[in-house]
Protein chains: 2
Amino acid sequence: MTVTEAATERLIRIGEVARGAGVSVRAVRYYEQQGLLVAERSPSGQRLYRQDAIARIRFFQQMYAAGLTSRRITELLPCWDSGHTDAEQRAMLRAERDRIQAKVDELQAALNRLDEVIAITDTHP
Amino acid sequence: MTVTEAATERLIRIGEVARGAGVSVRAVRYYEQQGLLVAERSPSGQRLYRQDAIARIRFFQQMYAAGLTSRRITELLPCWDSGHTDAEQRAMLRAERDRIQAKVDELQAALNRLDEVIAITDTHP
DNA sequence: CTAAAACCTGACGCTGACGTCAGAGGCAAG
DNA sequence: CTTGCCTCTGACGTCAGCGTCAGGTTTTAG
């Protein structure tokens, strides 16, 4: 890909982004409002996104699913975009990691209790 | 333990239950309101609980942590209390189990992405 | 007996990631 | 041209598990 091609990369509108990422149009606007996603604007004011916006939104969804807030994600986005962190960010990364790991353990425990009941009630129809 | 002792089991008030289970008094009242927890009443109207109420609440917390709603828990409580289930309950048990398992997988994926960044940024201080 | 601590019943508030509705403009096709 | 779909900006609604405040009764400690 040449520099010229990169400069003329095809931009897509919000509907295509939303469908591509499997979220609602409302959600995409919300991400922008939270400072997660920046969009260019067409002369008439419509949002225009680059292709990688879809991957970014998928990443947001993954972090949301892991229990991170929009605020936390904005604070940690530079770690992904620049590959560099300061001490505060490293502390946040560790804290989130530990919280998620604890959550996994909780879920596993709950899973075991459900499986016990399933096993018992399946043998006693 | 004799039958007479069982009949005169020491009942505890809501504050002791809450402290024992590590939740707020408000939370315990909420569980009753949702139909999760029944309490006797003293002549003056105060709630009186048996000791096992604490274990029940710990169980509720575990299910909440696993993403079950109060409604779902009430629907599945008979499975624990009676050890018996009908077809609908078995379907719910399986659905919840699968949902939790999927959630675990999501969290593991997020965990891996965080660990990648932690590993990279720790080697690039 | 009295003061503090604990309990009661409403009932409104909070949080976060959106859903949803209103009213208005933009854009390719027939 | 106009039909129909897409997009825009507010702004209020939702849900669930409580937090919190108000105003009053009850139990306990000294």
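Numbers restart at 1 for each chain; the letters A, B, ... are given by sequence-line order, proteins then strands.
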Exercise. Does the base of C/dT9 carry an N or O that pairs as donor and acceptor with the side chain of B/Arg29 under 3.5 Å?
Worked result: no
Problem set entry | Interatomic distance, A/Gln34 CD vs C/dT15 P [rounded to whole Å] | 13 Å
For this session: Please report, rounded to the nearest Å, how far the P atom of C/dC27 is from the CZ atom of A/Arg13.
Result: 8 Å
Problem set entry | Exercise: identify the closest heavy-atom pair between B/Leu111 and A/Arg97 | CD1-O, 3.5 Å
Problem set entry | From D/dT28, C/dA17, D/dT9, nucleotide with atom closest to A/Thr69 side chain | C/dA17
Exercise. Which part of the nucleic acid, if any, lies within contact of A/Arg19, taking any heavy atom under 4.0 Å across all strands shown: a base, the sugar-phosphate backbone alone, or nothing?
Worked result: nothing
Exercise. D/dT26, D/dC6, D/dT28: which one has an atom nearest the side-chain heavy atoms of A/Gln46?
Worked result: D/dC6
Exercise. Any idea which of C/dC8, D/dC6, D/dC8 is nearest the A/Ile14 side chain?
Worked result: D/dC8
Exercise. Which nucleotide, D/dC18, C/dC7, C/dC8, lies nearest any side-chain atom of B/Arg47?
Worked result: C/dC8
Problem set entry | Residue-phosphate contact under 4.0 Å: A/Tyr31 side-chain N/O, C/dA17 OP1/OP2 | no
Exercise. How is B/Leu48 classified with respect to the nucleic acid when contacts are heavy atoms under 4.0 Å: base, sugar-phosphate, or nothing?
Worked result: nothing
For this session: Remember a base hit wins even if backbone is also touched, and classify B/Gln33 as base, sugar-phosphate or nothing at under 4.0 Å, heavy atoms.
Result: nothing
Exercise. A/Tyr30 side chain N/O closer than 4.0 Å to the phosphate oxygens (OP1, OP2) of C/dA17?
Worked result: yes
Exercise. Starting at the 5' end of DNA chain D, which residue's closest nucleotide do you reach first, B/Ser42 or A/Ser44?
Worked result: A/Ser44
For this session: Using the rule that two of Ile, Leu, Val, Met, Phe, Trp, Tyr join whenever any of their side-chain heavy atoms come within less than 4.5 Å, decide whether A/Val38 and A/Leu11 are in one cluster.
Result: no
Exercise. Contact class for A/Leu68 vs. all strands (heavy atom < 4.0 Å): base, sugar-phosphate, or nothing?
Worked result: sugar-phosphate
For this session: Let me know the distance between CD1 of B/Ile73 and C1' of D/dG17, rounded to the nearest Å.
Result: 11 Å
For this session: Compare the minimum distances between each of C/dC18, D/dT26, D/dT7 and the side chain of A/Ser24, then state the nucleotide with the smallest one.
Result: C/dC18
Exercise. Taking the side chain of B/Ser70 as heavy atoms from C-beta outward, which of D/dC8, C/dC8, D/dG17 is closest to it?
Worked result: D/dG17
Problem set entry | Donor + acceptor pair across side chains of A/Glu106, B/Tyr64 (<3.5 Å) | no
For this session: For A/Arg72, report the nucleic acid contact type (base, sugar-phosphate, nothing); a contact means any heavy atom under 4.0 Å.
Result: nothing
Problem set entry | Heavy-atom pair with the smallest gap, counting every atom of A/Arg47 and A/Ala39 | CB-CB, 4.0 Å
Exercise. At under 4.0 Å between heavy atoms, what does B/Phe60 touch on the DNA or RNA strands: base, sugar-phosphate, or nothing?
Worked result: nothing
Problem set entry | 4.5 Å side-chain heavy-atom contact, A/Tyr30 and A/Leu36 | no
Exercise. Donor-acceptor pair under 3.5 Å: do we get one between A/Arg26's side chain and the base of C/dT20?
Worked result: yes
